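For reference, the structure discussed in these notes is given below.
When reading the values below, keep in mind they use all heavy atoms of this one structure, side chains included, and skip hydrogens, waters and symmetry mates. Owing to the predicted nature of the structure, the values given are computational and were not obtained by experimental measurement.
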Amino acid sequence: MTEPTAALRTVAANVRAARQRAGLSLEELGRRAQVSKGALVALERAQGNPNLATLVRLADTLGVSVSDLMQGPPEGRVRIASSDTIAPLWTGAEGGEARLMLTTSTASPVEIWRWRLAPGEDYPSNPHRPGVVETVSVTSGSMTLVLDGTEYPVGTGETATFNGDAPHAYRGTGTTPCHLIMTVHLPPAPPRPS
């Protein structure tokens, strides 16, 4: 058995701490997030390899950001993130990828993502908890945002925003890869039980 990476140990500790703060058992968190108890037990033991969809469901259920599950404590007043040092959280079959660059440390955090979608490549997303707002800004190429079954083309220099509590997907279109910056605006975390 291989030694868990530092990143996986951080995720394990953060998931366990967030679950305990929320006062949820493994069974209840699994039921609410639609993740098996076995997968949660493995995750909290720093075993396995949770995918982006699982981390998003856990974060939404726990009322935290994906970054809250992945990052250690802040190291200073300014954080500078470089995409070449951050591993993708999603890699598509055609070479697309999504990297969570950072999350603001505020009562209503904002996640900043860098995405690349190959032409024809899709990333479907489950609905997020109410209050989550996503914004996508295409810096090159083009994409189609699919929200609740309706398609919205978004081209270079255009920005779209929407409530993330409905089924949605991103699809690369055109003949070149689509590069975009996504921000995910999260509502304040629910009050912690006393």
Side-chain angles (χ1 to χ4, degrees), residues 7-35 37 39-40 43-44 46 50-81 83 86-90 98-115 123-138 145-148 152 154 159-170 180-194:
L8 186 56
R9 287 192 303 270
T10 298
V11 170
N14 290 343
V15 167
R16 182 174 37 260
R19 178 180 62 77
Q20 291 170 342
R21 278 192 310 270
L24 297 175
S25 66
L26 285 165
E27 293 86 0
E28 184 60 15
L29 175 57
R31 185 187 69 73
R32 291 182 187 186
Q34 299 176 345
V35 175
K37 179 183 175 187
L40 286 174
L43 177 58
E44 287 194 7
N51 64 29
L52 177 57
T54 298
L55 291 174
V56 169
R57 284 195 308 272
L58 289 171
D60 282 347
T61 302
L62 293 166
V64 299
S65 70
V66 173
S67 288
D68 287 338
L69 298 182
M70 300 187 61
Q71 294 178 353
E75 297 176 8
R77 291 180 59 186
V78 175
R79 288 185 300 168
I80 298 175
S83 61
I86 296 172
L89 288 179
W90 170 77
R99 295 174 194 262
L100 177 57
M101 300 304 295
L102 56 85
T103 301
T104 61
S105 300
T106 58
S108 298
V110 178
E111 298 175 347
I112 292 88
W113 294 77
R114 284 184 183 263
W115 282 74
Y123 178 80
S125 179
N126 291 317
H128 301 294
R129 63 187 160 118
V132 172
V133 175
E134 292 192 23
T135 302
V136 292
S137 295
V138 176
L145 167 65
V146 182
L147 180 63
D148 234 357
Y152 301 90
V154 186
T159 299
T161 189
F162 61 96
N163 293 330
D165 58 356
H168 53 284
Y170 319 101
L180 63 102
I181 303 295
M182 174 193 296
T183 59
V184 180
H185 303 257
L186 303 165
R192 295 184 177 150
S194 24

Separation between CD of Gln20 and CG of Leu62, rounded to the nearest 0.5 Å | 11.0 Å
To the nearest 0.5 Å, what is the distance between CD (Glu44) and CG (Asn14)?
-> 11.0 Å
Of Val11, Leu100, Val35, which is the lone residue that meets side chain to side chain contact (heavy atoms under 4.5 Å, CB included) with Leu55?
-> Val11
Who are the side chain to side chain contact (heavy atoms under 4.5 Å, CB included) partners of Pro127, not counting sequence neighbours?
-> Pro167
With sequence neighbours left out, the residues meeting side chain to side chain contact (heavy atoms under 4.5 Å, CB included) with Ala98 are Trp90, Trp113, Trp115
Sorted by chain and residue number, the side chain to side chain donor-acceptor pair (under 3.5 Å) partners of Arg57 (sequence neighbours excluded) come out as none
Atom pairs and distances, donor-acceptor, side-chain atoms in residues 23-33, under 3.5 Å, two or more places apart:
unit_1, atom_1, unit_2, atom_2, d
Ser25, OG, Glu27, N, 3.4
Ser25, OG, Glu27, OE1, 3.3
Ser25, OG, Glu28, N, 3.0
Glu27, OE2, Lys37, NZ, 2.7
Glu28, OE1, Arg31, NE, 3.2
Glu28, OE2, Arg31, NH2, 2.5
Glu28, OE2, Arg32, NE, 2.7
Glu28, OE2, Arg32, NH2, 3.4

Within a strict 4.5 Å, meaning less than it, do heavy atoms of the Val66 and Val56 side chains meet?
-> yes
Give a yes or no answer on whether the side chain of Asp165 reaches the backbone of Pro130 with a donor-acceptor pair at less than 3.5 Å.
-> no
Given side chains that start at C-beta, do those of Leu69 and Leu58 come closer than 4.5 Å, heavy atoms only?
-> yes
With a 4.5 Å limit on heavy-atom distance, are the side chains of Glu134 and Tyr170 in contact?
-> yes
d(Glu111 CD, Met101 CE) to nearest 0.5 Å is 13.0 Å
When rounded to the nearest 0.5 angstrom, what distance separates OH in Tyr152 from CG in Leu147?
-> 5.5 Å
Under 3.5 Å, is there a donor-acceptor pair between the side chain of Thr104 and the main chain of Pro109?
-> no
Set of side chain to side chain contact (heavy atoms under 4.5 Å, CB included) partners for Ile181, sequence neighbours left out = Ile112, Arg114, Thr139
Kindly indicate whether the side chain of Arg129, heavy atoms from C-beta on, has any atom under 4.5 Å from the side chain of Leu186.
-> yes
Sequence-distant partners of Thr161, side chain to side chain contact (heavy atoms under 4.5 Å, CB included), two or more places apart = Val133, Thr135
Would you check if the side chain of His185 reaches a backbone N or O of Thr183 as a donor-acceptor pair within less than 3.5 Å?
-> no
